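One-based numbering, in listed order, for ligands and for the atoms of each. These figures come from a predicted structure and were not determined experimentally. All values below were derived from every heavy atom in this structure, side-chain atoms included, with hydrogens, water molecules and symmetry-related copies excluded.
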Amino acid sequence: MTERTACCSCSQLQIRCTAEPTRVSLCHCLECQRRTGSSFGIAAFFDASSTEVTGTSRSYQRDSDSGFPVTFHFCGTCGSTVFWYPSRIPTVVGVAVGCFADPLFPRPTQAVYSEHRHGWIVTPI
Ligand SMILES: [Zn+2]
Ligand SMILES: [Zn+2]
């Protein structure tokens with residue numbers, strides 16, 4: 001069985017994923033740029049039923065273009081956002097791919113919000 005764990009910088013907040021992601025998505029949107037501090041975000045989506053959270057998180061909810069809010073969970077100690085719940089699809093959890101710290105993680109299969117892509121970025125999708 002595939003098992004991967006994503007965690008924050010200080011490791012207290014973790015989400016264990018016991019299935020393959022249903023989708024891996026690279027996002028150029030400005031909200032992801034602010035959330036990550038990087039030029040884009042990469043999200044792995046899982047069925048929430050195949051994940052398990054340990055540690056304590058704080059949360060931040062924002063609206064999304066779909067009109068449904070998204071609730072982001074981050075570590076109150078180190079500040080890493082590790083996972084989030086899109087209320088549009090309550091059975092799904094998004095996990096920040098960087099928090100797996102795994103260069104062998106499955107590659108993204110779609111890129112979205114390309115209108116906000118930094119001009120120097122060349123992605124494989
Ligand atoms: Zn932390
Ligand atoms: Zn985004």
Side-chain angles (χ1 to χ4, degrees):
M1 183 172 67
T2 303
E3 182 177 320
R4 300 181 179 92
T5 299
C7 70
C8 64
S9 290
C10 76
S11 300
Q12 73 84 15
L13 178 60
Q14 306 196 351
I15 183 166
R16 190 166 69 98
C17 305
T18 56
E20 289 295 326
T22 55
R23 179 179 297 184
V24 181
S25 179
L26 190 157
C27 186
H28 297 287
C29 88
L30 302 180
E31 295 288 353
C32 283
Q33 293 186 29
R34 290 193 193 281
R35 176 177 58 78
T36 61
S38 185
S39 314
F40 55 85
I42 308 179
F45 294 99
F46 294 87
D47 288 325
S49 61
S50 60
T51 64
E52 181 187 1
V53 172
T54 56
T56 57
S57 65
R58 296 185 61 188
S59 65
Y60 169 70
Q61 187 178 84
R62 68 164 172 80
D63 291 332
S64 70
D65 287 347
S66 70
F68 293 86
V70 183
T71 305
F72 293 85
H73 288 263
F74 60 96
C75 173
T77 300
C78 73
S80 299
T81 297
V82 181
F83 55 93
W84 55 90
Y85 295 102
S87 64
R88 187 172 68 87
I89 317 173
T91 57
V92 161
V93 57
V95 182
V97 166
C99 292
F100 289 101
D102 176 7
L104 299 179
F105 196 86
R107 60 186 275 175
T109 55
Q110 69 172 26
V112 295
Y113 289 95
S114 295
E115 65 271 29
H116 295 304
R117 179 177 59 84
H118 287 216
W120 56 267
I121 294 172
V122 180
T123 64
I125 44 171

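No side-chain donor-acceptor contact under 3.5 Å links Thr18 and Ser50. Between the side chains of Glu20 and Thr2, at least one donor-acceptor pair of N or O atoms lies under 3.5 Å. The closest side-chain donor-acceptor pair between Glu115 and His28, if any, does not fall under 3.5 angstrom.
At a threshold of 2.8 Å, the Zn ion (ligand 2) has no backbone or side-chain N, O or S atom of His28 nearer than that distance. Among the atoms of Cys7, none of the N, O or S atoms falls under 2.8 Å from the Zn ion (ligand 1).
The cationic atom of Arg4 (NZ for Lys, CZ for Arg) lies less than 6.0 Å from the six-membered ring centre of Phe105 and within 45° of the ring axis.
Centred on the Zn ion (ligand 1), the angle running from Cys8 (SG) to Cys75 (SG) is recorded as 110°, rounding to 10°. Centred on the Zn ion (ligand 2), the SG atom of Cys29 and the SG atom of Cys32 lie at an angle of 110°, reported to 10°.
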